[in-house]
Visitor: 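Here it is: the structure, laid out below.
Lettering follows sequence order; numbering is per chain, from 1.
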2 protein chains.
Amino acid sequence: MTTRPIDVGAAVRRAAVTYPDVQESGPVGGPDGRQEVTVARVTLQTIADKVGVSRMTVSNAFSRPDQLSAELRETILATAAELGYVGPDPAARQLARGSSGTVGVLFTQSPAAAFRDPIAAEFFASVAESLAPTGLALSLLPAAADGDRLAARDVPMDAALVYACVADTHAMHWLERRGLPLVFVDQDPTTDRAATVLLDDRPGAAAAAQHVLDLGHRRVALLTTAWGLPPGVAPDPATAGVGHVSRERVEGWMSVLRPAGADVVAVHMSDNLEEDALEAARVALTLPERPTAVLCFSDLVAWAVVRVARELGLSVPGDVSVVGYDDSALSRTVTPTLTTVRQDLVAKGRATARAIERAIAAQRPGAPTGEPDHVLVPTRLVVRESTGPAPAR
Amino acid sequence: MTTRPIDVGAAVRRAAVTYPDVQESGPVGGPDGRQEVTVARVTLQTIADKVGVSRMTVSNAFSRPDQLSAELRETILATAAELGYVGPDPAARQLARGSSGTVGVLFTQSPAAAFRDPIAAEFFASVAESLAPTGLALSLLPAAADGDRLAARDVPMDAALVYACVADTHAMHWLERRGLPLVFVDQDPTTDRAATVLLDDRPGAAAAAQHVLDLGHRRVALLTTAWGLPPGVAPDPATAGVGHVSRERVEGWMSVLRPAGADVVAVHMSDNLEEDALEAARVALTLPERPTAVLCFSDLVAWAVVRVARELGLSVPGDVSVVGYDDSALSRTVTPTLTTVRQDLVAKGRATARAIERAIAAQRPGAPTGEPDHVLVPTRLVVRESTGPAPAR
DNA sequence: TCTCCTATCTGTACCGGTCCAGATCCGTGG
DNA sequence: CCACGGATCTGGACCGGTACAGATAGGAGA
């Protein structure tokens, strides 16, 4: 973790807004709760005119209470409530203040995947949790739209989080062009002024590979994602990974397997989805020389391997050892429980939130121009039931 | 589903923005890619001056290409690229246009829970998916903040989705006061001008109850959530539900159990969490007269009951039948697989997205003021392995 | 040749705030 | 009695666009 403590509080305080307690402000719509049909919009000026002060003073009544006397403030707030004024317009304030209180989130595989992929979901949960105290909202940006609206270009934000995206996207390019502070997670940054949060995948993958070697396995299959590529055996195990994460994991595995002279075969699958995984598992387990250990890109894939093994009458770990990745909930609920490489998603989310806060702080004029954060999140092997000694030949 | 087709496309087209393809626009920062330290900001006016046209024409070059000749537009775009102008400022545009392209999401149990609770996650995934084509971004609003920033009050949005929230919250009040179009999901609306998407829980729960009755069970436990209340046996099964969803389910169960004269006991748990569920399950299964069937608020709870039953040496469904709720992934992955009440989360998400689109459309000036949507999402019983005939006494 | 229409631009008036540099007024210390 | 500092309040400029009602000019139709 390379993060240093940072006083976000100061930024927040600066933007401080003190409103009267909402409960006391009376009903919506008018003095006696009638649902008035919006007549000419109520603005600061409306209230200023009614009270007989300048517009600025009304603004201060809401945004900088220390700038005017308590009584006058009371009068202004009362009049505002009376006129049904709900407080400074967020859009106008954004423009004037130059800050939006929003962090964009780009995730190429559609924002929906951020909820459906358990690993992504847990990560974002942690980010959301860590960011909540700052009051920043997380804005999930659809990467593309049928219409002409493009969120990455059109939504105001103070910074953006880019998670496991295809880099060469319109949305990505726009985020860059806008000059927003960016934090790349699980992905190579496309610009050097961006912060990064990366998983320390190689040692984790290496540990997994060492584990099966220690158990006596010599014929090992790698199940890797090759986003979009057709499933099948990869020509060269050493370069079978496609995409940052996949590549790192393959390199970690190979860093141990190659020197040990293990017999390695890599099987591609198109996406980290159940269907793809089952298909790839079938390919791997029906190879002429069946591997006795399978190292998988994810727990989801590992579970698919377990099920296919069963289908084929193979026992896990009796005939085949299986290692997952991520240590998702799945790895603990299925039978057998999965040996896997754990990544601390909570720490990763927290580190990301910090990186975002710091990136925003650094953006502010007059801020010391430090280097952007580069965080490496540790991984470690967790041995459970799905791995065992290689079967005697 | 009460939704009617709606032409969101029209709205999007109206707000159409046609930019030159980002790939062609040259590098960021300046004509030759240098990372220029922001000199006086480049605005429409800068370009207008340089090209020698009015600012409005430059605006049109970006936002309404049909309003000027192709050549002039080319010139303008070229000059813009040269000056490093990245396109109209989103915040300014928002203010001028009066629309933000963002939908707020309020979820009292912290935005993190939107990712962690599998049911919520799947629901939001579906909402995000259905909303993606419109280009609207989903903004997750932290309900409270330590600082003075309050997203529900300060983030510009075109509408807000309120999901299973505690109604009496500052955040909620602000959404109302702002007069935003609101869509309430799984929750009683607090205002009559809001749309609602509710689960048709009673028939589903009733079916679950009927199912165990049909299997001969006469002593039935209900495991309900009573947000925040201490765990334990509820004084009156009929009113054991706390919160909209919980209440509906209890009423559904009771609508069948009461007339049948079943012996019903309700056990409260504080929250829909694993720990609470295990505790409640222990209470239920160690009652002096042990129930032979347990109807649960969720699959998570049902699974907890299954595990506690095992701990106590009881077989499921031999000694105890267990019925879950929601038909989450869990209900299919655990052993035994769970009998449960299915809710179609994808349909629910889709209906919500529609309701949001329609609410936004209705908001636009001149739109026909129709009634807000009120959608009821169907439920149905799915019988699996966790229920069986009542044990002979 | 004259009129009218359409395609292109331009000007002005907002959109609804915030920032910052004064201007006032008042009590206080010298 | 007067300069001075702090607490209040005000004015104008600015944030960066968009909407809409003209103004202008070139070409079609009569």
Side-chain angles (χ1 to χ4, degrees), chain A residues 14-19 38 40-49 51-76 80 83 85-101 153-154 156 178-179 364-366, chain B residues 14-19 38 40-49 51-76 80 83 85-101 153-156 178 364-366:
Chain A
R14 188 170 162 284
V17 182
T18 316
Y19 287 90
T38 309
R41 203 151 162 54
V42 182
T43 74
L44 288 182
Q45 191 65 64
T46 321
I47 299 162
D49 293 345
V51 179
V53 294
S54 87
R55 184 180 30 158
M56 199 53 231
T57 302
V58 180
S59 172
N60 283 334
F62 283 93
S63 304
R64 296 186 151 193
D66 57 318
Q67 294 295 304
L68 73 173
S69 70
E71 333 166 57
L72 178 53
R73 175 156 190 263
E74 276 312 309
T75 313
I76 292 177
L83 294 173
Y85 181 70
V86 291
D89 180 276
R93 165 178 284 184
Q94 243 182 58
L95 177 58
R97 288 235 250 238
S99 134
S100 68
R153 184 211 318 127
D154 300 333
R178 283 175 65 176
R364 246 190 304 277
Chain B
R14 189 171 160 281
V17 183
T18 316
Y19 287 89
T38 309
R41 204 153 162 54
V42 181
T43 73
L44 286 182
Q45 190 65 62
T46 321
I47 300 163
D49 292 347
V51 178
V53 293
S54 88
R55 183 177 33 148
M56 200 54 232
T57 302
V58 180
S59 172
N60 283 335
F62 283 94
S63 304
R64 296 186 153 195
D66 57 318
Q67 294 295 304
L68 73 174
S69 72
E71 333 166 56
L72 178 54
R73 174 154 191 266
E74 278 310 309
T75 313
I76 292 176
L83 294 174
Y85 181 70
V86 290
D89 180 277
R93 167 177 284 182
Q94 230 180 156
L95 177 58
R97 288 236 251 239
S99 133
S100 67
R153 179 205 333 121
D154 300 332
V155 172
R178 283 174 65 176
R364 247 188 301 278

Visitor: Where the side chain of A/S63 is concerned, which of D/dT18, C/dT18, D/dT8 is the nearest nucleotide?
Guide: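 Between D/dT18, C/dT18, D/dT8, the one nearest the side chain of A/S63 would be C/dT18.
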
Visitor: What nucleotide, of C/dC9, C/dT10, C/dC20, holds the atom closest to the side chain of B/V53?
Guide: C/dT10

Visitor: Name the closest nucleotide to the A/S59 side chain, picking from C/dC19, C/dT18, C/dT10.
Guide: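 The nucleotide sitting nearest to the side chain is C/dT18.
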
Visitor: When all nucleic acid strands are considered with a 4.0 Å heavy-atom cut-off, which category describes A/L95: base, sugar-phosphate, or nothing?
Guide: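 Base: the residue A/L95, judged by heavy atoms under 4.0 Å, touches a nucleobase.
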
Visitor: Side chain of A/R41: nearest nucleotide among C/dC20, C/dG16, D/dT18?
Guide: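 Output: C/dG16.
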
Visitor: Judged by each residue's nearest nucleotide on DNA chain C, which is more toward the 5′ side, A/Y85 or B/L72?
Guide: B/L72

Visitor: Pick base, sugar-phosphate or nothing for A/T57, based on heavy-atom distances below 4.0 Å to the nucleic acid.
Guide: base

Visitor: Let's see if you can work this out: which of C/dC19, D/dT10, C/dT8 has an atom nearest to the side-chain heavy atoms of A/R64?
Guide: C/dC19

Visitor: Looking at D/dT10, D/dC9, D/dG17, which one has an atom nearest to any side-chain atom of A/S54?
Guide: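 So the nucleotide nearest the side chain must be D/dT10.
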
Visitor: If we fit an axis to the first five pairs and another to the last five of the helix from C/dT1-D/dA30 to C/dG30-D/dC1, what angle do they make, to the nearest 10°?
Guide: 40°

Visitor: Would you indicate which nucleotide in C/dG17, D/dA19, C/dT10 comes nearest to any side-chain atom of B/R97?
Guide: D/dA19

Visitor: Does a distance-only test, which skips hydrogens and angles, find a donor-acceptor pair under 3.5 Å between the side chain of B/R55 and the base of D/dG16?
Guide: no

Visitor: What's the closest nucleotide to the A/R93 side chain, out of D/dG11, C/dG17, D/dG16?
Guide: C/dG17

